[in-house]
Amino acid sequence: MNEPHVIPPRPRDRLFAVLAVVLAVLLLPVAFVRDPGRARELACGWALGIRFPAEDLTGLTEGARAAFTAAR
């Protein structure tokens with residue numbers, strides 16, 4: 001009775017995940033021009049920012065922000 005309940009991913013969630021990856025790949029050349037050393041990280045951050053627009057990480061400490069970004 002105390003087992004964790006896991007909600008299975010909906011097809012819409014899978015579609016959004018695939019679209020975020022495709023968007024990150026498409027944004028990679030622009031990110032490479034902006035910062036060649038962190039192009040992949042930058043493109044993924046932009047794609048996730050578009051996928052989750054309500055996320056605001058401004059109030060987090062640096063450690064919490066790094067842990068949240070790594071978990072994403």
Side-chain angles (χ1 to χ4, degrees):
M1 185 170 239
N2 290 336
E3 297 175 16
H5 181 69
V6 177
I7 299 172
R10 297 175 290 193
R12 180 184 74 179
D13 296 333
R14 290 187 198 129
L15 175 67
F16 287 157
V18 169
L19 288 176
V21 170
V22 169
L23 186 60
V25 170
L26 291 174
L27 289 171
L28 193 57
V30 177
F32 186 76
V33 169
R34 181 160 180 200
D35 191 357
R38 332 179 2 225
R40 187 169 46 178
E41 178 185 348
L42 196 57
C44 290
W46 289 341
L48 286 173
I50 292 171
R51 182 175 176 196
F52 302 108
E55 281 185 354
D56 185 17
L57 306 179
T58 55
L60 297 177
T61 63
E62 286 301 315
R65 183 187 323 236
F68 185 81
T69 303
R72 261 200 313 208

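The chain is numbered in sequence order, starting from 1.
Contact check for W46 versus R51: no side-chain heavy atoms found under the 4.5 Å cut-off.
Every residue two or more places apart in sequence or in another chain was checked for a side-chain hydrogen bond (donor to acceptor under 3.5 Å, both in side chains) with D35, and none qualifies. Evaluation of the side-chain hydrogen bond (donor to acceptor under 3.5 Å, both in side chains) rule for R14 yields no partner, not counting sequence neighbours.
Crowding of R65 atom CZ: a count of heavy atoms from other residues, nucleotides or ligands under 6.0 Å exceeding 12.
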Would you give me the side-chain donor-acceptor pairs under 3.5 Å for residues 19-30, sequence neighbours excluded?
none

